[in-house]
J.: 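Below are the structure tokens for one structure; questions will follow.
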Amino acid sequence: EWHIQGPMSSFSPYQDNGGTALAVAGKDYCIVAADTRLSLGYSIQTRSSTKLMKISDRTVLASPGMQADACTLRKALRTRTVIYEQENNAPMTTLMFAQLLSNTLYHKRFFPYYTFNIVAGVDDDGVGCVFSYDAIGSGERLTHACQGSGQGLIQPLLDNQLGTENQQVGKEPLSLEEALALV
């Protein structure tokens with residue numbers, strides 16, 4: 001029986017570079033926001049690292065988490081998106097891209113990307129949509145979502161202001177201006 005001791009006993013191939021992203025979908029809009037800070041432990045490496053990737057005029061991917069994995073994932077998705085666009089002479093829709101991300105994450109389920117992903121955009125009917133995923137590609141369509149290191153603080157606020165599941169008085173959906181002010 002082997003016992004590893006010393007600094008290698010706590011080796012992990014993953015590193016959380018922090019960051020938070022959120023998305024809010026409305027009747028005819030979708031808002032996506034993310035911070036630009038890249039950290040390592042208690043050190044801020046840069047304040048200008050984006051976590052967002054524009055897929056098309058109607059779709060955005062947000063990927064906080066490990067920066068190296070996020071870059072690798074974005075590169076793989078960009079390649080698949082370009083191939084689709086060249087073969088079909090049309091941009092990939094938000095729903096198609098959401099499924100592509102789910103399949104890509106599931107393909108890497110045994111050594112997953114250490115990213116916390118949100119796909120946000122407007123569907124074919126012009127309705128805002130948000131998809132939130134776990135590490136192995138299980139996702140769901142939501143009206144609002146938050147991922148990353150600030151999720152524990154932001155998600156309850158979004159649930160209170162946008163979700164009406166636990167409230168006895170129904171709320172009217174937010175207008176674009178109200179949602180922007182909230183974000």
Side-chain angles (χ1 to χ4, degrees), residues 14 16-36 38 49-88 90-109 111-152 154-155 157-159 161-163 173-174 176 179-180 182-183:
Y14 296 115
D16 189 2
N17 296 121
T20 304
L22 67 92
V24 175
K27 187 177 85 169
D28 57 353
Y29 66 85
C30 188
I31 301 169
V32 185
D35 69 335
T36 57
L38 178 75
S49 174
T50 186
K51 290 158 187 62
L52 303 177
M53 181 175 106
K54 181 179 176 183
I55 304 302
S56 70
D57 290 338
R58 301 167 66 104
T59 310
V60 174
L61 170 68
S63 297
M66 185 174 173
Q67 178 68 13
D69 279 359
C71 289
T72 303
L73 177 61
R74 284 187 218 133
K75 185 176 178 182
L77 293 169
R78 173 60 66 202
T79 301
R80 297 287 302 270
T81 304
V82 168
I83 291 170
Y84 175 86
E85 290 172 356
Q86 290 175 348
E87 289 177 351
N88 297 283
M92 192 175 281
T93 67
T94 303
L95 299 177
M96 288 178 189
F97 184 78
Q99 185 63 53
L100 174 63
L101 176 60
S102 179
N103 294 348
T104 303
L105 293 172
Y106 186 74
H107 177 74
K108 292 274 294 175
R109 68 190 175 278
F111 191 52
Y113 293 110
Y114 194 56
T115 58
F116 314 105
N117 300 289
I118 296 175
V119 171
V122 179
D123 66 14
D124 298 337
D125 299 323
V127 177
C129 56
V130 173
F131 295 87
S132 182
Y133 298 87
D134 67 5
I136 59 169
S138 177
E140 66 177 317
R141 185 173 178 163
L142 304 165
T143 58
H144 58 277
C146 179
Q147 290 278 24
S149 58
Q151 182 180 19
I154 296 173
Q155 190 66 50
L157 175 70
L158 292 176
D159 290 342
Q161 296 298 307
L162 301 171
L174 295 181
L176 174 60
L180 278 170
L182 177 65
V183 170

J.: What pair of heavy atoms forms the shortest contact from Ser56 to Pro91, and how long is it?
T.: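 So the minimum-distance heavy-atom pair works out to CB-CB, 4.4 Å.
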J.: Measuring only between side-chain heavy atoms, which start at C-beta, is Leu162 closer than 4.5 Å to Val24?
T.: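 Contact flag for Leu162/Val24 side chains = yes.
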J.: Could you give the distance from CG (Asn17) to OG1 (Thr115), rounded to the nearest 0.5 Å?
T.: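 So the gap between those two atoms works out to 11.5 Å.
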J.: Would you please say whether a donor-acceptor pair under 3.5 Å links the side chains of Thr59 and Thr94?
T.: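 Yes.
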J.: Kindly indicate, with the supporting measurements, whether the criterion side-chain contact (heavy atoms from CB on, under 4.5 Å) is fulfilled by Asp57 and Val122.
T.: CA-CA 9 Å; Asp57 290 338; Val122 179; over 6 Å; no
J.: Any side-chain heavy-atom pair from Ser49 and Gln67 closer than 4.5 angstrom?
T.: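 Side-chain contact under 4.5 Å: yes.
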J.: Could you walk me through whether Lys51 and Asp35 pass the side-chain contact (heavy atoms from CB on, under 4.5 Å) test, one step at a time?
T.: CA-CA 7 Å; Lys51 290 158 187 62; Asp35 69 335; 3.2 Å; yes
J.: Should we say atom OH of Tyr106 is surrounded by more than 12 heavy atoms from elsewhere, each under 6.0 Å from it?
T.: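 No, the 6.0 Å shell around OH holds no more than 12 heavy atoms from other groups.
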J.: Strictly by modelled atom types, are Ser132 and Gln147 linked by a side-chain donor-acceptor pair under 3.5 Å?
T.: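 Yes, Gln147 and Ser132 have a side-chain donor paired with an acceptor closer than 3.5 Å.
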J.: What is the minimum heavy-atom distance between Cys30 and Val130, and which atoms define it?
T.: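 Answer, listing the atom of Cys30 first, then Val130: SG-CG2, 4.0 Å.
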J.: List the atom of Ala34, the atom of Leu52, and the distance in Å for their closest heavy-atom pair.
T.: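 Nearest heavy atoms, Ala34 then Leu52: CB-CD2, 3.8 Å.
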J.: Side-chain contact test, heavy atoms from C-beta onward, threshold under 4.5 Å: evaluate it for Phe116 versus Asp16 and give yes or no.
T.: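 Contact flag for Phe116/Asp16 side chains = yes.
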J.: Rounded to the nearest 0.5 Å, how far apart are CZ of Arg58 and SG of Cys129?
T.: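 With rounding to 0.5 Å, CZ (Arg58) is 9.0 Å from SG (Cys129).
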J.: Checking the side chain of Asp134 only, and the main-chain atoms of Ile136 only, is there a donor and an acceptor separated by less than 3.5 Å?
T.: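 Side chain of Asp134 to backbone of Ile136: a pair is present.
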J.: If we ignore hydrogens and angles and just use 3.5 Å, is the side chain of Thr20 paired with the main-chain N or O of Gly150 as donor and acceptor?
T.: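 Yes, because the side chain of Thr20 sits within donor-acceptor range (under 3.5 Å) of the backbone of Gly150.
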J.: List the residues meeting salt bridge (charged side-chain N to carboxylate O under 4.0 Å, His left out) with Asp123, not counting sequence neighbours, and say none if there are none.
T.: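 Counting only residues at least two positions away or on another chain, Asp123 forms a salt bridge (charged side-chain N to carboxylate O under 4.0 Å, His left out) with Arg141.
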J.: So do Cys146 and Gln151 actually touch side chain to side chain, heavy atoms under 4.5 Å?
T.: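 Answer yes - side chains close enough.
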J.: Between Phe131 and Ile118, is any pair of side-chain heavy atoms under 4.5 Å apart?
T.: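 SC-SC contact between Phe131 and Ile118 ruled out.
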J.: With the side chain counted from C-beta on, respond yes when Leu22 and Val183 share a heavy-atom pair under 4.5 Å apart, and no when they do not.
T.: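 A side-chain contact exists here, since the closest heavy-atom pair is under 4.5 Å.
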J.: Mind checking whether Leu176 and Ile31 have side chains closer than 4.5 Å, heavy atoms only?
T.: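 Yes; the side chains approach each other to less than 4.5 Å.
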J.: Quick one: side chains of residues 96-103, donor-acceptor pairs under 3.5 Å with protein atoms, not counting sequence neighbours, listed by atom name and distance.
T.:
{"residue": "Gln99", "atom": "NE2", "partner": "Asn103", "partner atom": "OD1", "Å": "2.9"}
{"residue": "Ser102", "atom": "OG", "partner": "Gly137", "partner atom": "O", "Å": "2.7"}

J.: Are Gln155 and His144 packed together at the side-chain level, in the sense that at least one heavy-atom pair is separated by less than 4.5 angstrom?
T.: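 Yes, side chains in contact.
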J.: Does the gap between the ring centers of Phe111 and Tyr14 come in under 6.0 Å?
T.: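 Yes; Tyr14 has its ring centre under 6.0 Å from that of Phe111.
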J.: Distance-only check: which donor-acceptor pairs under 3.5 Å involve side-chain atoms of residues 69-78, not counting sequence neighbours?
T.:
{"residue": "Asp69", "atom": "OD2", "partner": "Tyr114", "partner atom": "N", "Å": "2.8"}
{"residue": "Thr72", "atom": "OG1", "partner": "Ala68", "partner atom": "O", "Å": "2.9"}
{"residue": "Arg78", "atom": "NH2", "partner": "Lys54", "partner atom": "O", "Å": "2.6"}

J.: If we ignore hydrogens and angles and just use 3.5 Å, is the side chain of Asn117 paired with the main-chain N or O of Tyr133 as donor and acceptor?
T.: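 Judged by distance alone, no pair lies under 3.5 Å.
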